Amino acid sequence: MIEFNNISKTFDLGGGFFSKEKKIIHALRDVSLTIKKGMTMGIVGESGSGKSTLARIFMGLYKPDTGYFKFSDFNSHNISKEEWKTFRKQAAMVFQDPYSSLNPRMKVLDILQEPFLIHKKDFSISKEERLIKITKVLDMTGLEKGSLKKYPHEFSGGQRQRIGIARALVLKPRVLVLDEPVSALDVSIQAQILNLLKELKKELDLTYIFIAHDLGVIEYMSDRIAVMYLGSILEESAVKNIFSKPRHHYTKTLLNSMPDVQKKGKDFQVVPGEIPSPLNLPKGCPFEPRCAGAKENCGLLFPVETAGKNGYYKCHYPLN
Ligand code: SF4
């Protein structure tokens, strides 16, 4: 089980050119989220919502200002350097862009054996054993053994993403963080990669943190969904509830942007109005400037978390 507890994160942009006033971006605000073992937790939201920052905190790439996360015996609050190393073998990340995430100067064999070399202390295995493990994971991701001698530019986008997935799986992690793993691919290839990810999850008993802005993809992949906006989770529930009975106005607005299956893949730009600046957050509900259901006190008080059916939402006047 993964538990994020009250995580907040800011980024200091320093002073402006004409002003000495500091510019602070509020990327995450008091985020708590529980992800059970074997679950796919979908995280959706427009860009700037904080979904990738949360994933990067889990991977140890950013340190939260406040809050911590727990995973098995690990607690990010008091974890030692050695424990971080052990943790990093248990969680791996698949990136959005299969073109820039692979080193163009490395052959696939080198790309896939790099994680073993980084963790060589724990994987003191022979070259032959390493090759057996790599070939196995290559086979699982639908690539032929001959791929090992090739460079990334010799593959299509979908094949490159398969290489990225193979690299993430090579050390047998328990959790995969998938940050928009299909958004850079052709629609025709997306389904293949999503199906592959589903098969691998079942076969290897993995837990997924699946980040996307495409509701169709999120619905297909997730067991539960956390809807993020301006650094906060505004609603969290089972996928069925989110799609059939959203309680938060923002969730409903997002769903209205995909009225039927023909519109799956459409971006969130159809949500009316603009996201407020993360440099100057609204005092009350962050969605208030864009919310059709906003009332007087919405802009004054940040809504508290309210338990809903099989989840929670943060809204003063929730939808029925
Ligand atoms: S708290 Fe008010 S402004 Fe925010 S989503 Fe609910 S109704 Fe809309």
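The structure presented is a predicted model; accordingly, all values stated were derived computationally and were not measured.
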task: Measure up the Phe4 and Phe58 rings against each other and bin them: parallel (under 30°), tilted (30 to 60°), perpendicular (over 60°).
output: perpendicular

With a 4.5 Å cut-off on side-chain heavy-atom distances among I, L, V, M, F, W and Y, is there a chain of contacts connecting [X] to [Y]?
X      : Y      : result
Leu300 : Phe302 : no
Val182 : Tyr99  : no
Val44  : Leu319 : no
Trp84  : Ile57  : yes
Met106 : Leu171 : yes

- request: Say whether Arg174 and Ser72, considering side chains only, have a donor N or O and an acceptor N or O under 3.5 Å apart.
  value: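 Yes, because at least one side-chain N or O of Arg174 sits under 3.5 Å from a partner of the opposite role on Ser72.
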
- prompt: Between Tyr151 and Asp110, do the side chains contain an N or O donor and an N or O acceptor separated by less than 3.5 Å?
  reply: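 No donor-acceptor contact under 3.5 Å links the two side chains.
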
- prompt: Is the gap between the ring centers of Tyr68 and Phe74 under 6.0 Å?
  reply: no

query: Quick one: are Thr135 and Asp139 in side-chain contact, heavy atoms under 4.5 Å?
result: no

query: Does the pair Phe210 and Lys201 meet the rule for a side-chain contact (heavy atoms from CB on, under 4.5 Å), with working shown?
result: CA-CA 12 Å; Phe210 195 98; Lys201 179 174 174 269; over 6 Å; no

- prompt: Are Lys51 and Asp179 close enough for a salt bridge, meaning some N to O gap below 4.0 Å?
  reply: no

message: Would Lys295 and Tyr317 count as a cation-pi pair here, with the cationic atom under 6.0 angstrom from the ring centre and within 45° of the axis?
response: yes

message: Would Leu102 and Phe155 count as a side-chain contact (heavy atoms from CB on, under 4.5 Å) here? Give the steps.
response: CA-CA 11 Å; Leu102 302 175; Phe155 296 90; over 6 Å; no

query: Are more than 12 heavy atoms from other residues, nucleotides or ligands located less than 6.0 Å from atom NZ of Lys198?
result: yes

